[in-house]
Amino acid sequence: MSKKELSKAFEPAHAEERWYDYWLENKYFHAKDNSDSPAFSIVIPPPNVTGMLHMGHALNNTLQDIIIRFKRMQGYNTLWMPGMDHAGIATQNVVEQELMKEGLSRHDLGRAKFIARVWEWKEKYGGVIINQLKRLGCSCDWERERFTMDEGLSKAVREVFVRLYNEGMIYQGDYIVNWCPRCHTAISDLEVEFKQDASFLWNIRYPFADGSGDIVVATTRPETMLGDTAVAVNPLDFRYRDQVGKFVILPLMNKKIPVIADDYVTMDFGSGAVKITPGSDPNDFAMAQRHQLEIISIMDGHGIINEYGGKYKGQDRYEARKNVLADLEKGGYLVSTEHYAHNVGQCYRCKTDIEPMVSKQWFIKIKPLAKQAIAAVVKDKTKIIPKTWEATYFDWMNNIRDWCISRQLWWGHRIPVWYCDDCDKVIVAIEDPKECPDCGNTSLMQDEDVLDTWFSSALWPFSTLGWPDKTESLKTFYPTSLLITGFDILFFWVARMMMMGLYVMKDVPFRHVYLHALVRDEKGEKMSKSKGNIIDPLSMIDQYGTDAFRFTLAAYTAQGRDVRLSPERIEGYKFFVNKIWNASKLTLTNLADFDESAPVNDSDSLPDKWIKAKLNETIAEVTRGLEEYHFNDASAAIYHFIWHEFCDWYLELSKPVFYGKASQEQRQATQKTLHEVFTVMLQLLHPFMPFVTEELWQSLNDSDERSIMVSKFPVVNPAWEDKVAEKKMEMLMTIITSIRNIRGEMRVPPSIKLKVMVSAGDDESGKIIDDGKDYILNLANLESLTVEVGLVEPKGVATGVIGATRIFVPLAGVVDITGEKARLEKELAKVSKDLEQSSKKLANRDFCAKAAPEIIQKEEDKLKECQEKFNTLENALKKLKEISR
RNA sequence: GGGCGGGUAGCUCAGCCGGGAGAGCGCCACGCUUACACCGUGGAUGUCACAGGUUCGAUCCCUGUCCCGCCUACCA
């Protein structure tokens, strides 16, 4: 059996395409509806159909793929359910902009034609991101790909709407909502972003109707005064006690409005009196309901003053502000203008200032749903990781307000409500009704509005599995095992899935929720187009390869921390891929004549036993890291093993076996170890670096080994545990390092091979060192090594101390002794510091009386060791001085 | 206003249950030794934000202060 020879360097682009196609052809991503294996499922956070892969997606999907590949290798029947979101406002905007170039608006086309146009757009340009996810290596079950607007999911949406409606959980009414004058639709509270704005606070005088003076109110939005229907003061405010119940004249509108008392009003803000505009402010609206005030909307959907705004009719809201202020000033009503910073709500999508407006909308009564969703997390039916997010989740759920689900858009799930033209009957139905069930009239009008995109997203964990049909998929994969998403959509999406899952399926949508942080640039700033600090994932993949890119993301994903990314960091992990590649070249060369099927005894060589023990620890660490979503720990463990144990030591230690005079038997035994360790190493790495590991796996193995991705994930092998080998190896390694240190510090050129003497503390360690003589000779570049127990220090040597072991390097003819003197003095200084600390501690009576016995013992051992080391070094230094004199 | 997270080596960060401060990158020195210069070997580097407290002992626990992020909120 011959292994393939590897090219000089790994070629990511080539391997990525080749192996991804191979996996697809073999349907390795496909999950079975029926299987004897336990199920493990994740639904993808559906990207917008208009979306392009950005760093957030890259991180999110890399983490999902790591877990999915890990679980798949562990033998689970693994489903990663992919799909996309129809993104109501975003998609409608895109298509409207396209129309605009043709000089058309959606109204020119009409609703049906416009929607057809959106679908056309979707077929042509939508879903670019799906192919980008494939370049990331995502092992989604693409055969199951879903779209929130497809037939099945639309059916689910209707079903849930009707159910909620019939159970009294959905209602319609005139309420004040967040209105975007540009998108021309209501949006939910969550979709409003508050931005601080340096503006003004204007103080305006409202005269009493009876001519008895006036009352001053403050406002940041003077134009809304046109719709004022009251002035409010706090009931406890003695200054205004007599004024409550009186009327003031609303300036410019010349209208009588009452002074009312409500404890919402803060007494010590401004004058303690506030103007009330129920049509333009949510708080004022609430107050109007408490006091049965008149509610006047002075603006239309575009933010233009309407007929209720008197002579300002037709003016846009900002223009009206200017004019109102000018007129107030002219009329002597403007008392003062102060600089004032306050928060202005903006539309998350287009950044237009939100206009709170009263309109007829659909709402979900959310409290009962939230109650269940809270309970599920309290009872640990769903675990939120990291746990700190639970508090945020609870806080939001406890203070939740009814969800406005209607949107005045065309692209989306149209609300399944019809109105009879004749009898005004309201029909709410899953199937489009043909006639009015009351009067039989066939002229029915469907509600014009569509549902919030998040409504359909909230059903994603079960709608994608076929609900409302009772499918096998649903039975097998719901509740899903895990959701991985960014914390920024905890409320938007996670919370709503929790509520809907519990309401519809009577069970949580997922067992675990892992929330990851944001990807920022290396300075910690949020990436944005305007800042120009965007790092494009695809260009990173092109430059450094998918494997390096993915590994970087995993390595920087520590819980509760943002990921700070820069191309240099990705490059660093490209070097790691290169290191793996080169180590593999050597490995494959050394295995060229290895026959896996031939019976070979396990190697009893120290390095072989040691590397297997270390590998065992690495298996445990990687597994634990992934199981607990400590991606940084898992990736660090495999990185450290490969580079600093396998490459730095094991490959070097085993070179003599392959190049030297080892017996055929030893050679084969070492090959067996090398093959095993290398295989397991690739498997551990595979979830992080799918492509290079597959390439190497295929080069290593016989053709009947189908793919690393369906191989069994390594488990700790008790037979590999070997504390003794670890101890012994550690001893040899410190001796080698110590000699190298002397070489390095003394500037001994590599061409000079040293003769070294070692004094062992006792027979046992003497034997270990003597057994490991060849390793030391090779790795420390020595000509000879003599080992004796209790050797007396010779003259003219450099000295190294490791516990009871002394290392003597004769300096004659190699270097002068001044260097060694300096080196010893440095060492001595270090030891004395430790020595002082330690003896001080032990001299402390309280310490000896109160500290744990094992701690005291440890401290005593340390003191003794330091003492000995100190003596040895001091002695060595004295001898050197004698010579140099 | 409320809440959360963070301030540890030049940079980015790890340090679980208190008991001698770590990694990666960067830096310095030497080296093209037959896998790898995308490398090897060695080295340097810290008032663990500040001030108190608890303790025999604090980077870790408690209190306060100062910075920096983020989330959330109806003070006009």
Side-chain angles (χ1 to χ4, degrees), chain A residues 6 8-10 194 201-202 217-221 224 232 264-266 268-277 281-287 340 342-343 356 386 388-389 391-392 395-396 399 487-488 490-491 517-518 520 522 524-526 555-556 558 560-566 568-569 571-590 630 632-633 636 639-640 643-644 647-648 651-652 655 659 737 740-751 779-781 833-834 837-838 841 844-852 854-856 858-859 862 866:
Chain A
L6 298 182
K8 181 135 179 60
F10 177 56
F194 285 91
L201 188 65
W202 289 278
V217 297
T219 182
T220 54
R221 298 204 57 195
T224 63
Y264 158 76
V265 183
T266 315
D268 48 16
F269 186 90
S271 64
V274 57
K275 66 191 251 339
I276 301 301
T277 322
D281 183 285
N283 299 305
D284 295 2
F285 182 82
M287 202 183 297
Y340 192 69
H342 69 128
N343 290 328
T388 57
W389 286 106
T392 312
D395 186 60
W396 188 73
N399 297 302
F487 68 79
D488 50 326
L490 176 61
F491 307 143
L518 252 51
R520 297 169 179 279
E522 75 266 53
E525 291 191 44
K526 216 165 165 170
Y556 283 100
R561 283 273 190 178
D562 286 334
V563 176
R564 294 202 187 189
L565 200 67
S566 71
E568 291 74 38
R569 283 175 199 162
E571 192 187 23
Y573 286 106
K574 190 192 125 189
F575 296 160
F576 178 45
V577 174
N578 183 251
K579 182 77 181 176
I580 295 165
W581 188 257
N582 282 302
S584 305
K585 276 203 298 200
L586 178 61
T587 301
L588 292 182
T589 306
N590 290 344
H630 288 260
N632 57 329
D633 290 347
Y639 180 95
H640 182 258
W643 203 310
H644 299 300
C647 292
D648 286 354
L651 286 180
E652 296 303 328
K655 270 178 184 172
Y659 300 147
T737 306
R740 282 171 173 176
N741 167 281
I742 292 171
R743 290 195 78 110
E745 295 267 294
M746 310 292 289
R747 306 277 156 80
V748 179
S751 55
L779 296 191
N781 193 19
K833 217 173 124 193
D834 286 350
Q837 251 181 26
S838 206
K841 213 169 194 179
N844 185 339
R845 250 183 245 156
D846 284 329
F847 175 75
C848 295
K850 291 177 185 169
E854 65 269 23
I855 296 295
I856 298 172
K858 215 168 128 194
E859 203 59 42
K862 186 178 137 194
C866 284

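Quick note: numbers below take in every heavy atom, side chains included, and nothing from hydrogens, waters or symmetry partners. Below, read A as the first sequence line, B as the second, and so on, with proteins coming before strands; counting in each chain starts at 1.
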Flag, side chain of A:N582 to backbone of A:N578, donor-acceptor distance under 3.5 Å: yes
Identified pairing partner of B:rG52, criterion: Watson-Crick or G-U wobble below 3.5 Å: B:rC62
Under 4.0 angstrom between A:W389 side-chain N/O and B:rU72 OP1 or OP2: no
B:rG3 to B:rG57 separation - C1' atoms, rounded to the nearest Å: 34 Å
Touch class at under 4.0 angstrom, heavy-atom based, for A:Y573 against every strand present: nothing
Donor-acceptor pair present, A:E745 side chain and B:rA29 base, under 3.5 Å: no
Identity of whatever pairs with B:rC39 - Watson-Crick or G-U, under 3.5 angstrom: B:rG31
Main-chain N/O of A:I276 paired with A:D281 side-chain donor or acceptor, under 3.5 Å: no
Donor on one side chain, acceptor on other, A:K585 and A:T587, under 3.5 Å: no
A:F487 CZ to B:rC4 C1', straight-line distance once rounded to whole Å: 11 Å
Same-atom distance (C1') from B:rA23 to B:rU45, integer angstrom: 14 Å
Distance in angstrom units between A:K585 NZ and B:rC38 P, rounded: 13 Å
Nearest-nucleotide pick for A:F847, side chain only, options being B:rC11, B:rG31, B:rC56: B:rC56
B:rC56 phosphate, OP1 or OP2, under 4.0 Å from A:K850 side-chain N/O: yes
Which nucleotide in B:rG20, B:rC56, B:rA76 has an atom nearest any side-chain atom of A:A851: B:rC56
Plane angle bin for A:F487 and A:W389 - parallel if under 30°, tilted between 30 and 60°, otherwise perpendicular: parallel
B:rG24 OP1/OP2 closer than 4.0 Å to side-chain N/O of A:H644: yes
Of A:H640 and A:T392, the one whose closest RNA chain B nucleotide lies more 5': A:H640
Separation of the P atoms in B:rU12 and B:rA21, to the nearest angstrom: 23 Å
Sidechain N-carboxylate O distance under 4.0 Å for A:E571, A:K574: no
Among B:rC36, B:rU41, B:rG19, the nucleotide that comes nearest once only the side chain of A:E652 is considered: B:rC36
Any-strand Watson-Crick or G-U partner of B:rG18, both distances under 3.5 Å: none
Donor-acceptor pair (no angle test) under 3.5 Å: A:K579 side chain, B:rC38 base: no
C1' spacing across the pair B:rG10 / B:rG46, given as an integer number of angstrom: 11 Å
B:rG5 - base-pair partner by Watson-Crick or wobble geometry, distances under 3.5 Å: B:rC68
Nucleotide paired to B:rG26 in any strand shown, Watson-Crick or G-U, under 3.5 Å: none
Any A:K8 side-chain nitrogen or oxygen under 4.0 Å from OP1 or OP2 of B:rA35: no
For B:rG46, the Watson-Crick or wobble counterpart (both distances under 3.5 Å): none
B:rC50 and B:rA58, which share atom name P, separated by this distance in whole Å: 15 Å
A:I855 side chain, from C-beta outward: closest of B:rG42, B:rG19, B:rA76: B:rG19
Rounded interatomic separation in angstrom, taking OH from A:Y340 and C1' from B:rC75: 7 Å
Minimum-distance nucleotide (side-chain atoms of A:T219 versus B:rC71, B:rG19, B:rA76): B:rA76
Presence of A:Y659 side-chain N/O under 4.0 Å of B:rA35 phosphate oxygens OP1/OP2: yes
Rounded C1' spacing from B:rC17 to B:rA9 in Å: 27 Å
Upstream residue (5' side of RNA chain B) when A:Y556 and A:N343 are each assigned their closest nucleotide: A:Y556
